[in-house]
Trainee: 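Quick one: this structure, given as structure tokens, is what I'll be asking you about.
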Amino acid sequence: MEKIQNAIAKARAARTGSAAPGTPPSRTGIFAPAGAGPAAISTAWQELPELTLNARQMERNRIVAFQGGGPATGVDMLRTRVLQQMRANNWRRLAITSPTAACGKSTVALNLALSFARQPDLRTLLLELDLRRPSLGRILGVSRDISFAAVLEGTGTFAENALRYGTNLAISTNPGPSRNPAELLNGPGVTRALAEIEARYDPALTIFDMSPMLVTDDTMAFAGQVDCVLIVAGAESSTIKEIDLCERELASQTNVMGVILNKCRYMGADYGYGYYD
Ligand SMILES: Nc1ncnc2c1ncn2[C@@H]1O[C@H](COP(=O)(O)OP(=O)(O)OP(=O)(O)O)[C@@H](O)[C@H]1O
Ligand SMILES: [Mg+2]
């Protein structure tokens, strides 16, 4: 753990002139909600179909944060750190990515979103932008006819795609891979769709579950649309070189909030995630 932390810090320090977190221009404010009133926002949320979670299925998929205490403690600590940084910087969009596949992005994104759902004063969106290998629907055990990709294309609405968990978390999923992920994430549709969704649902925070960085260009194509990013590293699969490369590339487009070391086998039960910033 300490070794990895030191190595990341060293690699970061060695990059003279590289963008430190906080340097790229923030896009916050560009898409400020167009002013839907509180009643309209509340109605829009109520109209989303409700999602109920099967505790056993969640446990099988390592989704622990739908109730507080016990195994959710580590996620709740992560939530607090994220919230502090987002509030301090007036950030509203957070992407979650990793160097390569299967580091735990979707697991972290969903746990974090469920942890935020227990903050009654905050509305949160979790949007699935891994359009090549979507998995949130499978993890949650849901499948909607209209994909989030269709919402980005303009052939479906958010209300037809998203599900509401409790009163203040909405989750968008994709039932299968999209035919044209790169075009969708690069095109004007995504900018328009996100602005419309934010205007209608007024989330305090939107979390994007992304593709792995070093496998496709999708995440880099989208990175300029978010205020900040968390990198999920696999404790025994991600190398320092990979993490450093991701951090450097992302820092040219957005603010790198930190690196989460996931799948740590040798940590105490209370520390599911290692987090560095
Ligand atoms: N902390 C953890 N400990 C052990 N297994 C984990 C942990 N986090 C996630 N996993 C498991 O690792 C696998 C991959 O997780 P997940 O789908 O969240 O990764 P991903 O980075 O989103 O993958 P992909 O790149 O395919 O989107 C899943 O089986 C998940 O249950
Ligand atoms: Mg995933």
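Model, not experiment: these values are computed from the prediction. Whatever order the structure lists ligands and atoms in, that order sets their numbers, starting from 1.
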Trainee: Hey, is ligand 1 close enough to S106 that some N/O pair sits below 3.5 Å?
Mentor: yes

Trainee: Which ligand 1 atoms are under 4.0 Å away from a heavy-atom of D130?
Mentor: 27 (O)

Trainee: Identify the two heavy atoms, one from Q67 and one from A72, that lie closest to each other, and give their separation to 0.1 Å.
Mentor: O-CB, 3.2 Å

Trainee: Hydrogens and angles aside, do S106 and S135 bring a side-chain donor and acceptor to less than 3.5 Å of each other?
Mentor: yes

Trainee: Taking both backbone and side-chain atoms of A102, is any N or O found less than 3.5 Å from an N or O belonging to ligand 1?
Mentor: yes

Trainee: For residues N111 and V75, report the shortest heavy-atom separation together with the two atoms involved.
Mentor: O-CG1, 3.4 Å

Trainee: If you measure every N/O of T107 against every N/O of ligand 1, is any gap under 3.5 Å?
Mentor: yes

Trainee: Go through ligand 1 atom by atom and flag the ones less than 4.0 Å from a non-hydrogen atom of R133.
Mentor: 26 (O)

Trainee: Is it true that atom CZ of R133 has more than 12 heavy atoms of other residues, nucleotides or ligands lying nearer than 6.0 Å?
Mentor: no

Trainee: Can you confirm whether Q57 is buried at CD, in the sense that more than 12 heavy atoms of other residues, nucleotides or ligands lie under 6.0 Å from that atom?
Mentor: yes

Trainee: A101 heavy atoms, cut-off 4.0 Å: which ligand 1 atoms fall inside?
Mentor: 25 (O)

Trainee: Between R92 and D227, is there a side-chain N and carboxylate O pair less than 4.0 Å apart?
Mentor: no

Trainee: Indicate the atoms forming the closest heavy-atom contact of N262 with C103, along with that distance.
Mentor: ND2-O, 2.9 Å

Trainee: Please confirm whether C103 comes within less than 3.5 Å of ligand 1 when only nitrogen or oxygen atoms on both sides are compared.
Mentor: yes

Trainee: Just let me know how N262 lines up against ligand 1, side chain, backbone, both or neither, with a heavy-atom cut-off below 4.0 Å.
Mentor: side chain

Trainee: Apply side-chain hydrogen bond (donor to acceptor under 3.5 Å, both in side chains) to residues T157 and E160 and explain how you reach the verdict.
Mentor: CA-CA 5 Å; T157 66; E160 292 170 319; 3.2 Å; yes

Trainee: Could you check which of E128, R265, R62 puts a non-hydrogen atom nearest to atom 7 (C) of ligand 1?
Mentor: R62

Trainee: Quick check: does I139 get an N/O under 3.5 Å from an N/O on ligand 1?
Mentor: no

Trainee: Please state whether the separation between the Mg ion (ligand 2) and some N/O/S atom of S106 is under 2.8 Å?
Mentor: yes

Trainee: Taking distance alone, with no angle check, do T100 and ligand 1 share an N/O pair under 3.5 Å?
Mentor: no

Trainee: With a 4.0 Å heavy-atom cut-off (strictly under), which part of V108 contacts ligand 1: side chain, backbone, both or neither?
Mentor: neither

Trainee: Counting only heavy atoms, which portion of K105 has something under 4.0 Å from ligand 1: side chain, backbone, both, or neither?
Mentor: both

Trainee: For residues L261 and A235, report the shortest heavy-atom separation together with the two atoms involved.
Mentor: CD1-CA, 3.8 Å

Trainee: Please determine if K263 has a nitrogen or oxygen closer than 3.5 Å to a nitrogen or oxygen of ligand 1.
Mentor: yes

